[in-house]
J.: 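Pasting in a structure now, in structure tokens, and then I'll have a few things to ask.
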Amino acid sequence: EAQVTQNPRYLITVTGKKLTVTCSQNMNHEYMSWYRQDPGLGLRQIYYSMNVEVTDKGDVPEGYKVSRKEKRNFPLILESPSPNQTSLYFCASSLSVYVGQAYEQYFGPGTRLTVT
Amino acid sequence: GDSVTQMEGPVTLSEEAFLTINCTYTATGYPSLFWYVQYPGEGLQLLLKATKADDKGSNKGFEATYRKETTSFHLEKGSVQVSDSAVYFCALSDGPSGGYQKVTFGTGTKLQVIP
């Protein structure tokens with residue numbers, strides 16, 4: 001089954017304790033992205049990756065890191081989480097994202113993170 | 001920059017009522033337009049899309065028409081069901097010729113359908 005998986009689904013942590021949220025897709029997609037969803041703000045892009053070893057900042061990258069060493073995986077790293085990073089996080093992938101190609105994005109089930 | 005504006009929610013309708021969720025956009029280029037749906041506890045999934053002016057996207061009884069003159073992509077359904085209760089996101093993708101196509105999402109509109 002074609003899917004995007006994320007782990008963990010729920011995480012409660014404390015300020016400053018490094019954490020990683022994993023994301024994996026089995027569709028051989030080139031493009032992957034991380035979003036955070038907050039009430040009243042919709043989805044905001046954190047980082048994206050056009051392909052292996054190619055990553056770039058989205059709209060709200062501060063406090064986050066990513067890496068893309070393999071095509072299928074795109075982990076999100078919070079080196080020193082803070083309470084304002086409490087949010088619902090989604091990983092997404094797409095075949096491509098070049099102009100002229102309206103490919104849909106496939107989303108993971110989400111990771112609800114609480115930082116106390 | 002590009003932006004997407006959706007009507008405020010929540011929208012509460014009785015079963016079999018007509019649904020309209022308004023969406024307007026601003027874009028520097030000639031974007032593709034999407035509606036995504038998020039059911040409770042799940043990620044977003046594509047509902048429908050349109051890639052050029054006057055295109056109509058449709059799926060599961062939902063429709064939306066790409067209106068370039070009014071920069072709108074309103075979502076409609078003739079008769080909603082309880083199972084349509086979800087959050088609906090309007091989105092666009094746009095970018096420079098030959099380049100990366102950034103996706104911009106609206107804030108989402110929550111729909112609640114009561115029996």
Side-chain angles (χ1 to χ4, degrees), chain A residues 1-7 9-10 21 23-25 27 29-51 54-61 88-112, chain B residues 1-10 23 25 27-53 55 57 59 64 66 73 86-110:
Chain A
E1 179 190 357
Q3 61 182 348
V4 178
T5 57
Q6 293 178 230
N7 282 293
R9 293 289 312 276
Y10 302 91
V21 183
C23 172
S24 183
Q25 50 94 4
M27 295 168 280
H29 284 170
E30 290 187 348
Y31 174 86
M32 297 186 75
S33 180
W34 276 102
Y35 297 90
R36 59 179 289 174
Q37 183 179 12
D38 301 291
L41 297 177
L43 267 74
R44 294 180 292 167
Q45 190 179 51
I46 302 170
Y47 269 94
Y48 65 92
S49 170
M50 305 293 280
N51 214 323
V54 181
T55 63
D56 207 348
K57 296 176 181 178
D59 299 315
V60 288
L88 180 59
Y89 291 87
F90 288 101
C91 180
S93 73
S94 179
L95 189 61
S96 181
V97 281
Y98 288 98
V99 172
Q101 299 170 338
Y103 290 115
E104 72 176 281
Q105 293 198 46
Y106 292 81
F107 284 79
T111 295
R112 185 164 293 281
Chain B
D2 295 349
S3 67
V4 176
T5 302
Q6 289 183 237
M7 62 189 289
E8 291 268 341
C23 171
Y25 67 89
T28 52
Y30 198 5
S32 294
L33 302 174
F34 305 82
W35 277 101
Y36 282 84
V37 58
Q38 183 182 29
Y39 297 105
E42 298 183 11
L44 282 71
Q45 57 186 272
L46 181 69
L47 182 59
L48 53 84
K49 69 180 182 184
T51 59
K52 60 183 186 296
D55 261 6
N59 187 24
Y66 190 142
F73 193 54
V87 180
Y88 292 82
F89 289 90
C90 186
L92 67 82
S93 62
D94 189 23
S97 177
Y100 168 59
Q101 194 176 50
K102 179 176 170 57
V103 179
T104 301
F105 287 89
T107 53
T109 301
K110 184 175 183 177

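Protein chains get the first letters and strands the later ones, always in sequence-line order, with residue 1 at the start of each.
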J.: What's the separation between atom CD in A:E104 and atom CG in B:L48, rounded to the nearest 0.5 Å?
T.: 11.0 Å

J.: If I measure from the heavy atoms of chain B, does A:Q45 come under 4.5 Å with its side chain, its backbone, both, or neither?
T.: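 Interface part for A:Q45: side chain.
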
J.: On a heavy-atom basis, which atom in B:L44 and which in A:F107 lie closest, and how many Å separate them?
T.: O-CB, 3.3 Å

J.: A:R9 versus chain B, heavy atoms under 4.5 Å apart: side chain, backbone, both or neither?
T.: side chain

J.: Go through the structure and list residues passing side chain to side chain donor-acceptor pair (under 3.5 Å) with A:T5, not counting sequence neighbours.
T.: none

J.: Taking the basic N atoms (NZ, or NE/NH1/NH2) and the acidic carboxylate oxygens, is any pair closer than 4.0 Å for A:D59 and B:K102?
T.: yes

J.: Would you please go through residues 36-43 of chain B and name the residues with a non-hydrogen atom below 4.5 Å from one of chain A, in numerical order?
T.: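 The stretch touches chain A at B:Y36, B:Q38, B:G41, B:E42, B:G43.
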
J.: Taking atom CZ of A:R112 as the centre, does the number of heavy atoms from other residues, nucleotides or ligands within less than 6.0 Å exceed 12?
T.: no

J.: Return the CD to OG1 distance between A:Q37 and B:T107, rounded to the nearest 0.5 Å.
T.: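 Here the rounded value is 10.5 Å.
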
J.: Verify the neighbour count for atom CD of B:E8: are there more than 12 heavy atoms of other residues, nucleotides or ligands below 6.0 Å?
T.: no

J.: Determine the option with the most heavy-atom pairs under 4.5 angstrom with chain B, choosing from A:P109, A:A92, A:P39.
T.: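 Among A:P109, A:A92, A:P39, the one with the most close pairs to chain B is A:P109.
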
J.: So, do A:Y35 and B:V103 sit near enough that their side-chain heavy atoms are less than 4.5 Å apart?
T.: yes

J.: Heavy-atom cut-off 4.5 Å, strictly under: side chain, backbone, both or neither for A:L43 against chain B?
T.: both

